[in-house]
Amino acid sequence: MQAKTLIHASNLYYNPWTGALSKLLVERTLSSGGMHDASRVFVCNSGSEANEAAIKFARKTGKVVDPSGGKVEVVSFNNAFHGRTMGALSATHNPKYQKPFSPMVPGFVQGVYNDVGGIRDLVTERTCGVIVEPIQGEGGVMTASEEFLVALAKRCREVGAVLIYDEIQCGMGRTGSLWAHGSLPRDAHPDIITSAKALGNGFPIGAVVVNDFVSDKIKVGDHGTTFGGNPLACRLAHYLVERLSDPALQQGVLEKSKLFKDGFAKLKERFPELITEVRGRGLILGLQLTEDPSAIVKAARERGLLVITAGTNTLRFVPSFVVADEEIAQGLQILEDAIAATR
């Protein structure tokens, strides 16, 4: 019905769905056990745009916290992927992505994921923001330890830096809870969460959820968007946030995850020289191999199964939340046949 009513209008004019979506995102974030002080939302069009906004918000916060102008560094981590626009790309310390477009935006610092001991020297008084994926998708389905995220949050608060959780891949129910960080203690919660992808179920939208520490420092005109917050995208996302925060759907994610993990365990038993580790939570899972998986990917495709890679020699599995148990069994059988065909 929204498509028949109004698809787009200038944000000079009020539309009810931008506010309704923002309100719902804040309410469901709070009730899910995620970011306990979530207060406001900026709506945009994509994950890269969401991360660009988060980086800008961190830089502006740094200027307010330290008017001398020295608080400008943004910390991100090895194997991260935050997007392909210049700010998000500068936080993605991977030569494959950066080299064709160098030089990068200055002020970006790389740290080692899950290195608790390195946090103090990494995050300093010069740091305005830290951006991290609670579960790295492109990086190989690597999960941040609770100890690491707790220590990172503590250090951010010590130096007045903004902590950004990029949950574009791992959020919105993907782990069996609304946000991947929802199981963390409150003192490890972020100041900003970025989201996209699942928020629109294929329709372009992104969102940046912030707390008052950040929103109090952002003024009208500091950032903007032409199409972000349009009525059609926000109406669609409003429905999807309701759907993705449904406990029954999230329980289903956990049950389907167990089917995958049980199947992967059997594969590991059959091919112990090939499969070394199963990683991830919910329906963002990785199967770590000892060799290049391209032959397996090809063999699986020829048999009717599409599977993608991530990181180094990792098969990545991010299926639909409503994939049928029978489809999971069929896919696992095809994967087993494809592996066997390449031995």
Side-chain angles (χ1 to χ4, degrees), residues 1-57 83 164-175 177-182 189-216 218-250 253 321-322:
M1 289 301 295
Q2 187 61 45
K4 293 180 179 179
T5 305
L6 182 64
I7 293 175
H8 173 69
S10 165
N11 54 20
L12 175 65
Y13 305 105
Y14 169 81
N15 94 72
W17 287 109
T18 309
L21 170 62
S22 300
K23 183 173 184 287
L24 184 66
L25 264 173
V26 168
E27 288 173 350
R28 295 298 168 92
T29 295
L30 296 173
S31 65
S32 73
M35 186 176 171
H36 66 277
D37 53 357
S39 62
R40 296 192 182 184
V41 178
F42 174 78
V43 185
C44 52
N45 304 288
S46 70
S48 288
E49 285 186 42
N51 283 339
E52 288 286 334
I55 290 165
K56 285 183 69 176
F57 295 168
I164 305 161
Y165 282 174
D166 176 345
E167 294 217 19
I168 290 161
Q169 278 203 37
C170 63
M172 284 288 118
R174 178 59 59 181
T175 60
S177 60
L178 185 64
W179 299 113
H181 74 271
H189 286 185
D191 302 299
I192 296 178
I193 314 167
T194 57
S195 180
K197 296 188 190 298
L199 190 62
N201 200 32
F203 196 87
I205 189 169
V208 187
V209 184
V210 305
N211 62 12
D212 288 341
F213 174 61
V214 175
S215 68
D216 287 350
I218 308 301
K219 306 302 180 188
V220 174
D222 279 348
H223 193 51
T225 170
T226 297
F227 298 104
N230 74 76
L232 179 57
C234 289
R235 176 66 187 96
L236 179 61
H238 189 278
Y239 168 77
L240 284 161
V241 171
E242 288 185 324
R243 183 82 175 90
L244 294 171
S245 55
D246 176 12
L249 183 72
Q250 293 174 1
V253 167
F321 293 179
V322 294

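Atom set for the values below is all heavy atoms of this structure, side chains included, hydrogens, waters and symmetry mates excluded.
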| Side-chain heavy-atom pair L240, L199 within 4.5 angstrom cut-off | no

Residues at least two apart in sequence or cross-chain that pass side-chain contact (heavy atoms from CB on, under 4.5 Å) with C170, listed by chain then number, are P134, I135, E167, A180, I284

For G200 and L236 the tightest heavy-atom approach is O-CD2, 3.4 Å

* Show the numbers, then the answer: is there a side chain to side chain contact (heavy atoms under 4.5 Å, CB included) between F42 and T225? => CA-CA 10 Å; F42 174 78; T225 170; 3.7 Å; yes

On a heavy-atom basis, the closest approach of A196 and S46 is CB-C, 3.8 Å

Inset, instruction - For the residue pair N201 and Y239, establish whether any side-chain heavy-atom pair is separated by less than 4.5 Å. - result: no

- Message: Pair W179, S32 - check side chain to side chain donor-acceptor pair (under 3.5 Å), show working.
- Response: CA-CA 8 Å; W179 299 113; S32 73; 4.6 Å; no

Check your understanding: Are V43 and C234 side-chain neighbours, meaning at least one heavy-atom pair lies under 4.5 Å?
Key -> yes

Correct closest heavy-atom pair for A207 and V41 would be CB-CG1, 4.2 Å

Do L249 and V322 have side-chain heavy atoms sitting under 4.5 Å apart?
yes

**Asked** Hey, does the side chain of N11 reach the backbone of G228 with a donor-acceptor pair shorter than 3.5 angstrom?
**Response** no

- T194 side chain to A50 main-chain N or O, any donor-acceptor pair under 3.5 Å? no

The side-chain contact (heavy atoms from CB on, under 4.5 Å) partners of V253 (sequence neighbours excluded) come to L283, F321

- Query: Would you call the rings of F57 and H223 parallel, tilted or perpendicular if under 30° counts as parallel and over 60° as perpendicular?
  - Reply: perpendicular

Are V241 and L21 packed together at the side-chain level, in the sense that at least one heavy-atom pair is separated by less than 4.5 angstrom? yes

Contacts satisfying ring pair (Phe, Tyr, Trp, His ring centres under 6.0 Å) that involve residues 9-30 (not counting sequence neighbours) are W17-H238

NE2 of H8 to OG1 of T226, rounded to nearest 0.5 Å, is 7.0 Å

Rounded to the nearest 0.5 angstrom, the OG-CE distance for S177 and M172 is 10.5 Å

Would N51 and I168 satisfy side chain to side chain contact (heavy atoms under 4.5 Å, CB included), going step by step from the backbone distance to the final call?
-> CA-CA 9 Å; N51 283 339; I168 290 161; 3.5 Å; yes

Taken to the nearest 0.5 Å, the spacing of L25 CG from L30 CG works out to 10.5 Å

Looking only at heavy atoms, the pair that brings A38 and V26 closest together is O-CG1, 3.5 Å

Here the pair of heavy atoms bringing T18 nearest to G229 is OG1-O, 2.6 Å

Discussion item. Taking CZ in R28 as the centre, count heavy atoms belonging to other residues, nucleotides or ligands within less than 6.0 Å. Is the count above 12?
Written reply: yes

State, yes or no, whether a side-chain contact exists between T29 and I193 at a heavy-atom distance under 4.5 Å. yes

When rounded to the nearest 0.5 Å, the distance separating CD1 of I205 from CD of E49 is 11.0 Å

Quiz item: Between H181 and H189, what is the ring plane arrangement, given parallel below 30°, perpendicular above 60°, and tilted in between?
Solution: perpendicular

Less than 4.5 Å apart, side chain to side chain, heavy atoms only: is that true for E242 and L24?
yes

Requested in this report: Answer yes or no: is there a side-chain heavy-atom contact under 4.5 Å between N211 and H36?
Outcome: no

Distance col, row L178:CG vs D246:CG, nearest 0.5 angstrom, shows 11.5 Å

Correct closest heavy-atom pair for P190 and M35 would be O-CG, 3.6 Å

